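No experiment lies behind these values; they were computed from the predicted model shown. Hydrogens, waters and symmetry mates play no part in the numbers below; they use all other heavy atoms, side chains included.
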Amino acid sequence: MILITRKEHFSSSHSLENINLSKERNLEIFGKCNNFHGHNYYIEVTLEGTPDPESGYVMDLKLLKKIIRDEILIHVDHKFLNEVDMFKNLIPTTENMAMKFWEVLEPKINRDNVRLYSIRLYETEKNFFEYFGK
Ligand code: NI
């Protein structure tokens with residue numbers, strides 16, 4: 001078994017808000033993150049697999065790059081996350097983003113010799129979030 005990783009970057013804006021709560025309670029929970037602001041995110045998508053005997057690849061990284069672009073980047077890069085379809089009814093915290101990205105990537109990646117292993121999402125240089133599936 002070997003792990004392979006593709007790293008990508010995107011920039012998005014959001015405001016953290018639970019629409020079911022009062023303005024005061026939102027401010028209490030989210031503080032200044034309740035205001036409109038942006039992040040430069042980095043995402044690392046790691047796959048676990050065995051090399052295909054014909055190609056020697058676990059997965060061609062050009063293909064992984066395309067999957068990440070089509071399923072995630074075109075939907076979130078330079079977008080306001082609160083209004084993006086995949087985050088409907090979700091507070092766009094980095095935790096929720098990592099879990100949602102897993103949900104959209106996994107069916108596009110898993111096949112006989114390879115499966116999605118982890119998603120690591122950097123919100124800042126100092127804060128990152130990892131999801132390994134359920
Ligand atoms: Ni934020």
Side-chain angles (χ1 to χ4, degrees):
M1 188 269 279
I2 188 165
L3 299 177
I4 66 170
T5 299
R6 172 77 191 180
K7 182 174 183 174
E8 295 287 347
H9 170 258
F10 62 94
S11 302
S12 312
S13 60
H14 68 178
S15 63
L16 298 184
E17 179 185 24
N18 183 332
I19 56 168
N20 300 312
L21 299 176
S22 68
K23 198 171 168 47
E24 291 71 28
R25 184 66 183 135
N26 269 297
L27 268 176
E28 219 173 274
I29 297 175
F30 299 112
K32 64 180 183 177
C33 295
N34 190 220
N35 297 324
F36 180 88
H37 64 280
H39 295 281
N40 287 309
Y41 293 97
Y42 284 87
I43 181 172
E44 294 174 5
V45 177
T46 300
L47 315 187
E48 168 190 61
T50 50
D52 176 86
E54 196 177 38
S55 66
Y57 289 152
V58 170
M59 177 183 279
D60 186 339
L61 285 172
K62 287 193 295 294
L63 174 59
L64 180 56
K65 177 185 175 181
K66 183 182 182 320
I67 292 171
I68 298 169
R69 187 191 64 207
D70 293 350
E71 302 302 319
I72 296 179
L73 301 183
I74 60 166
H75 301 290
V76 299
D77 191 31
H78 289 74
K79 297 285 169 60
F80 178 48
L81 297 176
N82 301 60
E83 290 177 353
V84 168
D85 272 352
M86 74 170 98
F87 299 121
K88 225 170 214 153
N89 306 317
L90 269 184
I91 303 168
T93 59
T94 318
E95 289 91 331
N96 280 337
M97 291 169 69
M99 293 170 77
K100 179 55 77 173
F101 291 164
W102 177 285
E103 195 181 304
V104 300
L105 285 178
E106 190 188 31
K108 303 288 177 182
I109 286 172
N110 287 14
R111 51 199 72 190
D112 287 345
N113 71 315
V114 60
R115 68 170 195 95
L116 183 56
Y117 177 79
S118 68
I119 290 179
R120 178 182 280 190
L121 191 57
Y122 285 83
E123 183 191 55
T124 66
E125 270 181 41
K126 293 177 180 173
N127 297 341
F128 67 88
F129 302 73
E130 277 180 299
Y131 188 56
F132 296 88
K134 290 191 173 83

Exercise: identify the closest heavy-atom pair between [X] and [Y]:
X	Y	value
Ser11	Asn40	OG-OD1, 2.6 Å
Ile68	Leu105	CA-CD2, 4.3 Å
Ser22	Arg25	OG-N, 3.0 Å
Pro92	Leu81	CB-CB, 3.9 Å

Please answer whether the main-chain N or O of [Y] pairs with a side-chain N or O of [X] as donor and acceptor at a distance below 3.5 Å.
X	Y	answer
Arg111	Lys108	yes
Asn96	Ile91	yes
Asp52	Met59	no
Ser12	Val76	yes
Asp77	Phe10	no
Lys79	Leu73	no
Asn110	Leu116	yes

Tell me whether the centres of the aromatic rings in Tyr42 and Phe128 are closer together than 6.0 Å. no

Do Phe132 and Tyr117 have ring centres separated by under 6.0 Å? yes

Straight-line distance of [X] [atom1] to [Y] [atom2], nearest 0.5 Å:
X	Y	atom1	atom2	result
Ile29	Glu24	CD1	CD	12.0 Å
Asp112	Arg115	CG	CZ	14.0 Å
Arg6	Arg69	CZ	CZ	10.5 Å

Are the side chains of [X] and [Y] in touch, meaning some heavy atoms are under 4.5 Å apart?
X	Y	value
Val45	Ile109	yes
Thr94	Tyr41	yes
His14	His39	yes
Phe101	Met86	yes

Return yes when atom [atom1] of [X] has more than 12 non-hydrogen atoms of other residues, nucleotides or ligands closer than 6.0 Å, and no otherwise.
X	atom1	answer
Asn127	CG	yes
Tyr57	OH	no
Lys65	NZ	no

Which class fits the ring pair Phe80 and Phe36: parallel under 30°, tilted 30 to 60°, perpendicular over 60°? tilted

[X] with [Y], same ILVMFWY side-chain cluster at under 4.5 Å:
X	Y	answer
Val84	Ile74	no
Ile4	Tyr131	yes
Leu63	Ile2	yes
Ile119	Val104	yes
Phe129	Trp102	no

Residues Phe30, Leu21; criterion side-chain contact (heavy atoms from CB on, under 4.5 Å); working and verdict: CA-CA 12 Å; Phe30 299 112; Leu21 299 176; 5.7 Å; no

